[in-house]
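Structure first, commentary second.
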Amino acid sequence: MELFGHAIDLGPLWLTLEVASISTAILLVPGIAIAWVLAHWKSPLRAAVEAVVALPLVLPPVVLGFYLLVFLNPQGWLTQTLHSLGYEGQLTFNKIGLIIGSVVYSLPFMVQPLLRAFEALPQNLLDAAATLRAGWWDRFFNVVLPLSRGGLIVALTLTFAHTVGEFGVVLMVGGNIPGKTRMVSIDIYNHVEAMEYAQAHILSALMLVFAVIVLTVVYGLYRQGSREHAA
């Protein structure tokens with residue numbers, strides 16, 4: 001495809017959006033479960049578990065990608081176990097590796113907003129629903145989730161956006177295979193390496209606009225949530 005007079009391969013962009021969408025969908029259920037447990041867990045071990053969940057926030061992506069590469073290697077126990085169950089492929093340098101790496105790397109971006117939303121829930125509303133004999137699932141779907149929708153949307157938005165911008169982890173686990181594992185962040189790097197600055201600029205500008213839109217949505221939801229809690 002030609003943009004602003006320059007040929008741009010949209011394959012990496014579509015792959016990036018696909019991996020980000022799948023990773024965000026996969027993280028939704030475990031993210032809610034982990035955030036809910038942490039929000040109500042009084043154990044001294046909570047700090048340690050929170051630290052593990054938040055580890056990708058501070059760990060250099062290349063380091064995380066390296067250990068994922070070691071863990072998912074074709075001779076590792078996980079891959080060998082899957083082979084014994086009939087799976088004939090491998091977990092690295094393909095789309096599966098990209099998704100696994102994205103899920104691990106983006107986990108805290110799903111959990112943290114949900115955790116803060118669950119912690120801010122008015123306990124008296126949950127107690128009132130329980131007094132009215134609403135079951136746990138009834139309370140969760142009709143009280144907890146509606147009251148936490150701001151945190152849920154922020155979690156989904158941040159997780160998707162963070163996955164779109166990945167570089168180190170996807171490079172280590174997925175590689176740089178054209179038409180197979182090359183995502184948009186790696187494509188930008190390749191254009192810079194080849195001194196194709198116009199193409200790198202176009203792709204970077206698209207990412208910049210995307211990031212501004214995401215942050216505008218997140219801050220808008222945050223301000224709306226603050227007004228609702230203050231009301």
Side-chain angles (χ1 to χ4, degrees), residues 1-28 31 55-69 72 89-113 153-222:
M1 181 178 179
E2 189 167 296
L3 289 175
F4 304 105
H6 299 278
I8 300 295
D9 180 12
L10 295 182
L13 182 60
W14 297 131
L15 176 63
T16 300
L17 295 176
E18 181 185 0
V19 170
S21 300
I22 295 174
S23 302
T24 302
I26 291 175
L27 276 172
L28 180 59
L55 198 57
L57 291 173
V58 297
L59 198 63
V62 174
V63 175
L64 181 60
F66 170 72
Y67 281 114
L68 282 172
L69 187 62
L72 301 174
Q90 62 182 45
L91 300 176
T92 54
F93 303 110
N94 54 27
K95 192 180 297 181
I96 294 176
L98 291 174
I99 293 173
I100 294 174
S102 299
V103 166
V104 174
Y105 190 44
S106 296
L107 177 63
F109 292 85
M110 178 66 76
V111 171
Q112 293 296 334
I153 295 174
V154 170
L156 291 171
T157 306
L158 287 180
T159 302
F160 183 85
H162 185 254
T163 306
V164 167
E166 282 184 42
F167 181 79
V169 172
V170 297
L171 183 61
M172 295 292 285
V173 179
N176 185 8
I177 307 173
K180 187 176 180 181
T181 64
R182 180 177 293 174
M183 295 177 68
V184 68
S185 57
I186 299 174
D187 200 31
I188 292 173
Y189 177 78
N190 286 340
H191 283 308
V192 173
E193 284 284 287
M195 301 183 71
E196 298 170 347
Y197 295 126
Q199 288 88 339
H201 177 69
I202 292 171
L203 291 173
S204 298
L206 290 175
M207 298 287 285
L208 179 62
V209 171
F210 173 77
V212 171
I213 293 174
V214 168
L215 287 176
T216 302
V217 171
V218 169
Y219 280 113
L221 290 171
Y222 179 78

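- Contact annotation: the side chain of Met183 never approaches that of Leu13 to less than 4.5 Å [non-hydrogen atoms, C-beta and beyond].
- Remark: the backbone N or O of Glu166 is paired with a side-chain donor or acceptor of Ser185 at under 3.5 angstrom.
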Pair Leu107, Leu27 - check side-chain contact (heavy atoms from CB on, under 4.5 Å), show working.
CA-CA 7 Å; Leu107 177 63; Leu27 276 172; 3.7 Å; yes
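- Atom NZ of Lys95 and atom CD1 of Ile177 lie 12.5 Å apart (nearest 0.5 Å).
- Nearest heavy-atom pair, Met110 versus Gly31, reported as atom, atom and distance to 0.1 Å: CG-CA, 3.8 Å.
- In this structure, Asn94 and Gly97 approach most closely via the heavy-atom pair OD1-N, 2.9 Å.
- A distance of 6.5 Å separates OG1 of Thr181 from CD1 of Ile186, quoted to the nearest 0.5 Å.
- With values rounded to the nearest 0.5 angstrom, Ile22 atom CD1 is found 4.5 Å from Glu18 atom CD.
- Remark: of the listed residues Val63, Leu64, Val62, Val62 is the sole one forming a side-chain contact (heavy atoms from CB on, under 4.5 Å) with Met172.
- Residues Thr163 and Ser102 bring no donor and acceptor atom of their side chains to less than 3.5 Å of each other.
- Looking at heavy atoms from C-beta onward, Val173 lies out of side-chain contact with Ile100 at the 4.5 angstrom threshold.
- Taking CG of Leu158 as the reference point, atom OG1 of Thr24 lies at 10.0 Å (rounded to 0.5 Å).
- Put simply, the side chain of Val214 does not reach to within 4.5 Å of the side chain of Val164, judged on heavy atoms.
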Verdict with supporting geometry, Val184 and Leu206, side-chain contact (heavy atoms from CB on, under 4.5 Å):
CA-CA 10 Å; Val184 68; Leu206 290 175; over 6 Å; no
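- For CZ of Phe210, the number of neighbouring non-hydrogen atoms (other residues, nucleotides, ligands) closer than 6.0 Å is greater than 12.
- A donor-acceptor pair under 3.5 Å is absent between the side-chain atoms of Thr92 and the main chain of Leu69, judged by distance alone.
- Distance CD1/Ile202 to CD1/Ile188: 11.0 Å, rounded to 0.5 Å.
- Across all non-hydrogen atoms, the minimal contact from Gly174 to Leu98 is CA-CD2, 3.7 Å.
- For Phe167, the CZ atom sits in a packed shell: over 12 heavy atoms of surrounding residues, nucleotides or ligands are nearer than 6.0 Å.
- We find the CG-CG distance between Asn176 and Asn190 to be 4.5 Å, quoted to the nearest 0.5 Å.
- Taking the six-membered ring for Trp and thresholds of 30 and 60 degrees, Phe109 and His162 have nearly parallel ring planes, at less than 30 degrees apart.
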